[in-house]
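One structure is given below, encoded as structure tokens.
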Amino acid sequence: MLDIQALRNDLDSVVAQLHKRGFAFDAAKFTALEQERKTVQTRTQDLQAKRNNTSKQIGMAKAKGEDISAIMAEVAGLGDQLKADEARLTELQKELQDMLLNVPNLPHESVPQGKSEEDNVEVRRIGTPRVFDFEIKDHADVGAPLGLDFDTGAKLSGARFTLMRGHIAKLHRALAQFMLDTQTEKHGYTECYTPYMVNAESLIGTGQLPKFEEDLFSLNHNDSKLYLIPTSEVTLTNTVRDEIVPLEALPIKLTAHTPCFRSEAGSYGRDTKGMIRQHQFDKVEMVQIVHPEKSYEALEQMVGHAENILQALELPYRVVSLCTGDMGFGATKTYDLEVWLPAQNTYREISSVSNCEAFQARRLQARFRNENGKPELVHTLNGSGLAVGRTLVAVLENYQQADGSVKVPQVLSAYMNNLEYIKA
RNA sequence: GGAGAGCUGGCCGAGUGGUCGAAGGCACUUCCCUGCUAAGGAAGCAUACGGGCUUAAAUCUGUAUCGAGGGUUCGAAUCCCUCGCUCUCCGCCA
């Protein structure tokens with residue numbers, strides 16, 4: 001959520017910045033709402049002040065045993081007017097709030113301008129794609145004989161669900177373990193186990209609601225509604241919701257390995273083969289809660305934390321700075337890590353690291369006590385370190401052998417009982 | 001699932017219709033005193049939003065907030081209703 005003060009004081013500039021990312025802000029509507037809000041709020045508060053004053057007088061007069069009928073008469077008509085004003089004020093504030101909740105974050109000045117992913121800017125490219133001396137297969141064809149079973153996944157649950165067996169399942173687990181161990185032991189994140197179902201408040205806090213409800217899976221239980229997490233960014237970031245943490249506690253660095261559930265509404269027909277795009281996938285997530293002055297430093301570090309995984313797995317990748325038109329709702333700046341997929345002959349997103357500055361913190365009321373002892377909004381960052389399913393895809397494709405087997409990446413051998421090759 | 005208890009400021013905890021944003025204590029900040037650590041004294045110490053002043057801050061002022069929402073009342077932390085959460089006992093259960 002944007003700071004409403006910024007909109008009040010500097011509306012034109014905010015509108016211009018939002019326009020850069022393709023968002024049309026209804027400034028006229030906002031101005032009209034604000035104007036009425038101001039009038040109604042001032043009037044309401046004046047009436048409330050009058051009522052409080054009079055009531056106080058009644059109390060004092062009664063204590064002294066004086067006659068109160070004169071004062072009572074004075075306050076008689078106040079109630080109805082006040083009630084009407086209060087109701088209207090609530091309505092206006094809700095409208096303004098709803099409006100703000102649907103406005104995306106402002107891009108950082110360093111973000112390249114553009115409309116779509118074609119305008120993203122490559123920052124660096126690491127590793128050299130392997131040259132194959134045989135006809136390569138995509139991950140689905142490589143994995144099928146080794147235990148990657150899309151048909152059974154579809155039977156159990158439908159499209160975009162996959163069953164893994166045997167060494168493929170174990171490789172998948174090894175990847176997650178390796179990532180989690182790296183983030184905790186080498187990069188200083190605290191390992192968390194979090195709920196997979198959350199309430200609406202949590203999703204409003206991180207920005208998935210109210211705007212993107214259709215992307216989520218939800219469950220009705222008795223009278224309550226819970227949502228399956230689309231990423232553990234939601235649970236990890238919400239740990240500081242409604243909290244004021246001491247200055248010394250920052251930065252807070254959290255990580256978790258969880259499944260992620262996404263309805264993938266609007267991506268029908270995209271990536272239908274294989275496990276690039278699933279309704280359920282595992283991810284090791286990194287979240288940092290930091291001092292506002294440190295958030296861009298933290299962003300670069302977190303990209304490095306994700307890159308280290310790819311480097312350890314010896315997977316070629318590139319780092320891309322997302323353009324204004326391709327960034328997510330809550331981000332001021334985002335780097336994507338794209339891993340090389342030889343069968344697609346291209347780089348595909350495997351991690352996304354974003355700084356949200358105070359956008360989520362304002363929704364979450366997540367604050368710290370600053371140097372002067374005053375509460376101030378924190379900055380929040382999140383990033384995948386990494387998406388486990390897509391990493392499995394990358395390993396299958398990049399480590400495939402002519403005989404149909406898959407070589408186990410060296411760093412994983414300890415997690416795989418020293419297995420060297422996965423064979424049918 | 002059954003029965004009961006509770007939810008007040010950073011923490012503990014008083015407060016059952018009126019001058020309560022809320023006693024008292026702890027913690028914290030500043031100052032005083034005391035020749036060390038300790039002890040004693042004074043003051044300060046919630047958040048959000050609106051308005052005035054201001055380049056801005058400080059400050060002043062108003063409103064709201066005692067789990068949440070609604071109601072009764074001139075007036076609600078206090079009374080009524082609904083919901084949420086926590087805890088205890090019983091049952092069930094990985």
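Given the structure is predicted, the values throughout are model-derived calculations rather than measurements. The analysis underlying the following values was restricted to heavy atoms, covering all of them including side chains, and did not include hydrogens, waters or symmetry mates. We name chains A, B, ... by the order of the sequence lines, and we start the count at 1 in each one.
For R124(A), the salt bridge (Lys or Arg N to Asp or Glu O under 4.0 Å) test picks out E307(A), with sequence neighbours left out. With sequence neighbours excluded, the residues that form a ring pair (Phe, Tyr, Trp, His ring centres under 6.0 Å) with Y193(A) are Y196(A). Applying the side chain to side chain donor-acceptor pair (under 3.5 Å) rule to T334(A) yields the partners S354(A); only residues at least two apart in sequence or on another chain are considered. Every residue two or more places apart in sequence or in another chain was checked for a ring pair (Phe, Tyr, Trp, His ring centres under 6.0 Å) with H139(A), and none qualifies. With sequence neighbours left out, H167(A) forms a side chain to side chain donor-acceptor pair (under 3.5 Å) with no residue at all. Checked against ring pair (Phe, Tyr, Trp, His ring centres under 6.0 Å), H108(A) has the following partners two or more places apart in sequence or in another chain: Y296(A).
Taking atom CD1 of residue I244(A) and atom C1' of nucleotide A48(B), one finds them 11 Å apart after rounding to whole Å. For the pair L82(A) CG and U63(B) P, the interatomic distance rounds to 12 Å; values are reported in whole Å. Summarising the geometry, the separation between CD on Q365(A) and C1' on G10(B) is reported as 17 Å, rounded to the nearest angstrom. If you measure from atom CD of E86(A) to atom P of A64(B), you get 8 Å, rounded to the nearest angstrom. Put simply, CZ on R241(A) is 18 Å from P on G67(B), counting in whole angstrom units. Atom pair L47(A):CG and A64(B):C1' shows a separation of 15 Å (rounding to whole Å applied). The distance from atom CE of M1(A) to atom P of A48(B) is 13 Å, rounded to the nearest whole Å. The CD atom of E248(A) sits 17 Å away from the P atom of G10(B) (whole-angstrom rounding).
Stem analysis of RNA chain B (Watson-Crick or G-U pairs, both distances under 3.5 Å, runs of at least three) returns B:1-7 with B:84-90, B:10-12 with B:24-26, B:28-32 with B:40-44, B:46-51 with B:60-65, B:67-71 with B:79-83.
In terms of modelled atom types and a separation under 3.5 Å, the side chain of S352(A) and the main chain of D336(A) share no donor-acceptor contact. A donor-acceptor pair under 3.5 Å links the side-chain atoms of S351(A) to the main chain of S384(A), judged by distance alone.
With rounding to the nearest 0.5 Å, the separation of OG1 in T258(A) from CG in L228(A) is 11.0 Å.
Between the P atoms of G21(B) and U78(B), the separation comes to 13 Å (whole Å). G6(B) and C81(B): their P atoms are spaced 15 Å apart (whole Å). Atom name P, nucleotides G75(B) and G70(B): the rounded distance is 16 Å, in whole Å. Taking atom P in both G91(B) and C85(B), one finds a spacing of 24 Å when rounded to whole Å. Comparing A57(B) with A48(B), their P atoms are spaced 14 Å from each other, to the whole Å. The gap from the P atom of C11(B) to that of A3(B) amounts to 33 Å, rounded to the nearest Å. Between G25(B) and C45(B), the two C1' atoms lie 15 Å apart (nearest whole Å). The same atom, C1', is picked in U54(B) and in U61(B); the two are 15 Å apart, to the nearest Å.
Between R348(A) and D271(A) there is a salt bridge, since at least one side-chain N of the basic residue sits less than 4.0 Å from a carboxylate O of the acidic one. We find that R88(A) and E36(A) are joined by a salt bridge, their nearest charged nitrogen and carboxylate oxygen being less than 4.0 Å apart.
Residue E201(A) is out of contact with every strand shown, counting any heavy-atom pair closer than 4.0 Å. Residue-level contact check: P375(A) touches the backbone only, with heavy atoms under 4.0 Å from sugar-phosphate atoms and none from bases.
Summary of the strand contacts: I4(A) and Q48(A) both lie near RNA chain B, and taking for each the nucleotide with the nearest heavy atom, the more 5' one is attributed to I4(A).
The stretch residues 82-102 of chain A participates, sequence neighbours left out, in no ring pair (Phe, Tyr, Trp, His ring centres under 6.0 Å) pair at all. Applying the side chain to side chain donor-acceptor pair (under 3.5 Å) test to residues at least two apart or on different chains, the pairs with a partner in residues 22-35 of chain A are R8(A)-E34(A), E34(A)-R37(A).
Side-chain nitrogen and oxygen atoms of R369(A) include none within less than 4.0 Å of the OP1 or OP2 phosphate oxygen of C28(B).
At a cut-off of 3.5 Å, with distance as the only test, a side-chain donor of Q360(A) or T380(A) sits close to an acceptor on the other residue.
Ring pair F359(A)/F329(A) is perpendicular by interplanar angle, where above 60° counts as perpendicular and below 30° as parallel.
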Mind listing the N/O atom pairs, protein and nucleotides 53-55 of chain B, below 3.5 Å?
none

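Within residues 35-45 of chain A, the residues having any heavy atom under 4.0 Å from RNA chain B are, by residue number, R37(A), K38(A), Q41(A), Q45(A).
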- Take nucleotides 69-75 of chain B nucleotide by nucleotide from the 5' end and write B, S or -, depending on whether a protein heavy atom sits under 4.0 Å from the base, only from the sugar-phosphate, or from neither. ---S-BS
